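Structure first, then comments.
Atoms considered below: every heavy atom in the structure, side chains included; atoms not considered: hydrogens, waters and symmetry mates. Computed from a prediction, not measured in an experiment: that's the story for all the values here. Residue numbers start from 1 in every chain, and the chains themselves are labelled A, B, ... in the order their sequence lines are given, proteins ahead of strands.
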Amino acid sequence: MTEQIGFQPLPPWQRTDYCGTLRPSDAGRRVALWGWVNARRDHGGLVFIDLRDREGVVQIVFNPERSAKAHELARSVRTEYFIAVKGEVVLRAPNTVNPALPTGEVEVMAEALEVLNTSLPPPFPIGEEQQITEEVRLRYRYLDLRRPRLQRNLRLRHAIARATRAYFDELGFVEVETPILWRPTPEGARDYLVPSRVNPGRFYALPQSPQLLKQILMVAGFDRYYQIAKCFRDEDLRANRQPEFTQIDVEMTCPTPEQIMAVIEGLLARIYRDTLGISIKQPFERLTYDEAMERFGTDKPDMRFGLELRNITSAFAGTEFNVIKRIVSEGGQVYGLRLPAQYQLVRRELDELVTQTQSRFGLGLSWAKLAERDWQGPVAKHLGAYERAKCVEALDLEAGDTLLFVAGPQSVARSALGEVRLSLGHKFSLCSNDSLCFLWVVDFPLFEYSEEEKRLVSVNHPFTAPKPEDLPLLESDPLAVRALSYDVVLNGEELGGGSIRIHNSELQLKIFELLGLPREEALKKFGFLIEALSYGAPPHGGIALGLDRIAMLICGTESLRDVIAFPKTQKAVDLMSGAPAEVDPSQLKELALKLV
RNA sequence: GGGGUCGUAGUUCAGCCCGGUUAGAACGCCGGCCUGUCACGUCGGAAGUCGUGGGUUCAAAUCCCAUCGGCCCCGCCA
């Protein structure tokens with residue numbers, strides 16, 4: 001029975017070369033290869049096999065005159081069999097060269113063949129680029145990963161990690177691993193919980209980030225820390241969000257924001273150099289949060305194109321346009337955007353934008369086209385000469401342009417028009433994939449007010465230090481306090497963010513208090529941090545970058561799943577293994593858990 | 001929690017609006033022939049829970065309802 005399986009644990013010979021690396025200079029060499037059958041062409045007398053390994057494909061020729069045995073066996077071989085071949089590298093006759101293949105000037109005349117494993121016919125072709133539904137790809141992830149595209153992506157990802165480690169090592173940073181079993185935290189995202197068998201009724205949480213641990217490493221004197229760290233958040237998934245993801249986590253003792261930004265600019269430059277061979281422009285552009293919101297309606301503007309927003313509220317000071325009049329009288333603001341004449345939208349496209357804006361933000365989007373003689377569009381008749389002149393002045397409108405504007409509460413109006421701006425950028429292909437617009441957004445507000453929870457919440461996290469000049473406002477006007485924080489943005493995608501931290505236990509307790517966490521409770525939940533800060537904690541600060549997102553941009557893909565070896569679906573399921581899975585009742589019992 | 005979209009052979013899709021042949025095509029797969037192919041060619045063949053359940057109807061891949069799953073988005077993600 002067992003003999004029939006024909007299991008051979010060891011290869012018949014060692015490989016001398018990768019298939020994809022053979023070149024004319026190898027002609028005459030006897031080589032040993034192994035790999036997967038990419039394609040087989042059986043001519044009866046002659047058999048050709050394209051053999052594939054991670055470096056590429058080379059053609060193997062089975063000629064009965066060289067080896068009748070190998071030729072006979074080759075006829076029975078099928079796609080994706082894993083085989084070992086010995087043979088001689090020869091130059092191809094000029095008329096049989098395949099210019100489509102890097103190895104196309106040579107081929108291997110087979111002298112011996114061993115089938116190390118057979119294969120079922122694969123559910124989708126491995127060798128060619130064909131669109132396969134993601135469901136099938138994820139179910140057979142090991143086959144999807146065998147395809148050149150994902151091989152390339154994961155090797156680029158490896159290059160990013162390698163560049164990161166080399167860079168930080170050269171700058172004297174120490175990589176420290178922090179625990180995966182950690183403490184549940186009250187603020188932030190939902191935690192993944194892990195029950196403790198030894199402590200029934202108590203739970204670990206998987207870390208949302210090593211934030212507090214890296215701060216404590218500064219207290220501990222490591223001075224410069226980095227880690228390529230796995231993080232976990234139990235929130236709903238998106239194309240660019242997975243429940244577990246990887247951060248490049250960094251913390252320094254006594255840095256200025258400028259120093260941290262310089263270190264990160266250097267890192268990104270190194271990553272782009274070592275992966276794509278591209279040099280990027282430094283220093284990056286910088287905007288304050290207020291500027292970003294005012295000019296682009298978002299805290300992560302895509303700077304590859306203009307179409308900037310302008311506040312045109314003053315143009316409507318005496319308007320007879322009733323809707324706007326009412327909004328402005330209630331303290332609302334009007335934001336406008338100029339779409340230059342070279343970009344024309346048809347009525348249907350404009351209607352679509354209006355509908356989108358209404359459904360997402362509950363605000364009306366108005367537009368008017370500046371035709372030769374008159375303004376056109378449904379709201380043109382509501383715009384008097386004064387408003388028109390003011391809009392033209394504020395936005396430099398010219399004949400043929402389209403004016404788009406939104407009125408409403410300032411933050412909503414800006415965000416809504418910011419979305420319109422992005423839609424226009426995509427519609428008119430203003431986002432070139434070749435341009436890399438890096439940007440720092442600085443001075444975020446420290447707090448925002450949560451309508452839902454009826455209290456202040458941290459914009460970043462509660463360990464972020466306020467700007468020293470805003471400290472006096474903490475009590476009187478906390479919403480006006482700005483943070484010593486910085487986000488790095490590339491082409492409208494947030495790559496990461498960080499801040500200078502609070503290293504003073506009293507100020508930290510004060511911040512908790514403002515967030516609705518009384519001293520006693522703060523000590524219960526964050527006592528270890530407060531205590532650590534009390535033992536000579538140095539000033540410190542840092543940043544964390546999303547490694548997966550950087551990999552996405554470097555690989556030029558739209559989905560995080562294309563740069564993660566074993567990703568999960570939108571319902572957080574691994575289609576290959578079936579995780580998460582049900583467990584045996586005895587496991588629950590041992591953990592003192594009961595399902596509700 | 002909500003909105004959109006898709007689900008038909010191993011794969012990619014057509015058929016669905018407007019219900020009515022034996023549900024098709026390409027690639028893949030199986031078998032024959034073939035000594036210069038490389039998406040080999042050629043001859044022949046097999047292959048379907050039309051996601052699942054219910055309903056309407058003389059009759060459902062097709063219409064209706066529910067449900068499951070993939071993807072995109074909103075909420076959520078300090």
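- If you check rG24(B) for Watson-Crick or wobble pairing at under 3.5 angstrom, you find it paired to rC13(B).
- Here the C1' atom of nucleotide rG41(B) and the CZ atom of R40(A) are 14 Å apart, to the nearest Å.
- The P atoms of rG24(B) and rG48(B) are separated by 13 Å, rounded to the nearest whole Å.
- Rounded to whole Å, the separation between the P atoms of rC13(B) and rG7(B) comes to 9 Å.
- At the heavy-atom level, F48(A) lies under 4.0 Å from base atoms of the strands shown.
- Pairing partner, rC63(B): rG55(B), with both Watson-Crick or wobble hydrogen-bond distances short of 3.5 Å.
- R141(A) and D144(A) are joined by a salt bridge, as a carboxylate oxygen and a charged side-chain nitrogen come within less than 4.0 angstrom of each other.
- Set against rG70(B), rC38(B), rC72(B), the side chain of L575(A) has rG70(B) as its closest nucleotide.
- With hydrogens and angles ignored, no donor-acceptor pair closer than 3.5 Å exists between the side chain of N95(A) and the base of rG36(B).
- Comparing rC43(B) with rG20(B), their P atoms sit 34 Å apart, to the nearest whole Å.
- P123(A) comes within 4.0 angstrom of the backbone, heavy atoms only, and of no base.
- The partner of rG45(B) is rC29(B), judged by Watson-Crick or G-U wobble contacts that both fall below 3.5 Å.
- Here H43(A) does not lie in a stacked arrangement on the base of rU37(B), lacking the combination of planes under 30° and ring centres under 5.5 Å apart.
- Annotation: rG55(B) and rU62(B) have their C1' atoms spaced 15 Å apart (nearest Å).
- Side-chain nitrogen and oxygen atoms of R41(A) include at least one within less than 4.0 Å of the OP1 or OP2 phosphate oxygen of rC40(B).
- For the pair R149(A) and D562(A), the salt-bridge criterion is met [side-chain N within less than 4.0 Å of a carboxylate O].
- Closest to the V61(A) side chain, of the nucleotides rC76(B), rG36(B), rC29(B), is rG36(B).
- The distance between atom CG of L101(A) and atom C1' of rC38(B), rounded to the nearest whole Å, is 8 Å.
- In the set rU35(B), rU37(B), rG1(B), rG1(B) carries the atom at the smallest distance from any side-chain atom of D236(A).
- Residue contacts shown for S209(A) include a base, since a base heavy atom lies under 4.0 Å away.
- A salt bridge is defined here as a Lys NZ or Arg NE, NH1 or NH2 lying under 4.0 Å from an Asp or Glu carboxylate O, and E419(A) with R414(A) fails to meet this definition.
- Within 6.0 Å of the NZ atom in K571(A), the count of heavy atoms belonging to other residues, nucleotides or ligands does not exceed 12.
- Atoms CG (D144(A)) and P (rC71(B)) sit 13 Å apart, rounded to a whole Å.
- Applying the 3.5 Å distance criterion, the base of rU37(B) shares a donor-acceptor pair with the side chain of R92(A).
- A salt bridge links E244(A) to K568(A): one of the charged nitrogens lies within less than 4.0 Å of a carboxylate oxygen.
- Straight-line distance from the CD atom of E135(A) to the P atom of rU5(B): 18 Å, rounded to whole Å.
- Looking at heavy-atom distances under 4.0 Å, T96(A) makes contact with a base.
- The phosphate of rC29(B) (OP1 or OP2) has a side-chain N or O of T79(A) nearer than 4.0 angstrom.
- Spacing of C1' atoms, rC29(B) relative to rG10(B), comes out at 8 Å, to the nearest Å.
- Closest contact between the side chain of R78(A) and the listed nucleotides rG31(B), rC38(B), rU12(B) involves rG31(B).
- Annotation: R78(A), atom CZ; neighbour count of heavy atoms from other residues, nucleotides and ligands within 6.0 Å is above 12.
- Between K525(A) and E521(A) there is a salt bridge, with a side-chain nitrogen of the basic residue lying less than 4.0 Å from a carboxylate oxygen of the acidic one.
- Contact check on K467(A) versus D443(A) returns a salt bridge, with a Lys/Arg side-chain nitrogen under 4.0 Å from an Asp/Glu carboxylate oxygen.
- When the nucleotides rU35(B), rC72(B), rC76(B) are ranked by their closest atom to the side chain of E65(A), rU35(B) comes out on top.
- E107(A) comes within 4.0 angstrom of a base, heavy atoms only.
- At the heavy-atom level, V57(A) lies nowhere under 4.0 Å from the strands shown.
- The side chain of T133(A) sits closest to rC13(B) out of rC13(B), rC38(B), rU35(B).
- In this structure rG7(B) sits in a base pair with rC68(B), meeting the Watson-Crick or G-U test at under 3.5 Å.
- Comparing atom distances between the A39(A) side chain and each of rG70(B), rC72(B), rC40(B) picks out rC40(B) as nearest.
- Donor-acceptor pairing under 3.5 Å, judged by distance alone, is absent between the side chain of Q130(A) and the base of rG28(B).
- Within a 6.0 Å radius of OH in Y204(A), no more than 12 heavy atoms belonging to other residues, nucleotides or ligands are found.
- Across the protein-nucleic acid pair, F361(A) atom CZ and rG3(B) atom P stand 19 Å apart, rounded to whole Å.
- Atoms CD1 (I132(A)) and P (rA9(B)) sit 13 Å apart, rounded to a whole Å.
- Rounded to whole Å, atom P of rC33(B) lies 7 Å from atom CZ of R75(A).
- The distance between atom NE2 of H426(A) and atom P of rC73(B), rounded to the nearest whole Å, is 12 Å.
- Among rC76(B), rC71(B), rU37(B), the nucleotide with an atom closest to any side-chain atom of R561(A) is rC71(B).
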Under 3.5 Å between N/O atoms: give me all the protein pairs with nucleotides 66-68 of chain B, atom names plus distance.
none

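- Taking only distance into account, the side chain of R241(A) meets the base of rC76(B) through a donor-acceptor pair shorter than 3.5 Å.
- By the side chain to side chain donor-acceptor pair (under 3.5 Å) test, E235(A) pairs with R190(A), sequence neighbours left out.
- For the C1' atom pair drawn from rC58(B) and rG19(B), the interatomic distance equals 12 Å after rounding to whole Å.
- In this structure, of rC38(B), rC77(B), rC71(B), it is rC71(B) that holds the atom nearest to the side chain of Q570(A).
- rC76(B) is unpaired under the Watson-Crick or G-U wobble criterion, no partner having all donor-acceptor distances under 3.5 Å.
- Using a 4.0 Å cut-off between charged side-chain N and carboxylate O, R348(A) and E352(A) make a salt bridge.
- Residue A572(A) is the one, among A572(A) and A189(A), whose nearest nucleotide of RNA chain B lies closer to the 5' end (criterion: closest heavy atom).
- For rG70(B), neither phosphate oxygen OP1 nor OP2 lies less than 4.0 angstrom from any side-chain nitrogen or oxygen of R139(A).
- A gap of 36 Å separates the P atoms of rC18(B) and rG75(B), to the nearest Å.
- A 6.0 Å sphere centred on CZ of R146(A) holds more than 12 heavy atoms belonging to other residues, nucleotides or ligands.
- For rG3(B), the base has no donor-acceptor partner in the side chain of R360(A) [N/O atoms by modelled type, under 3.5 angstrom].
- When the C1' atom is compared between rA25(B) and rG69(B), the two are found 26 Å apart, to the nearest whole Å.
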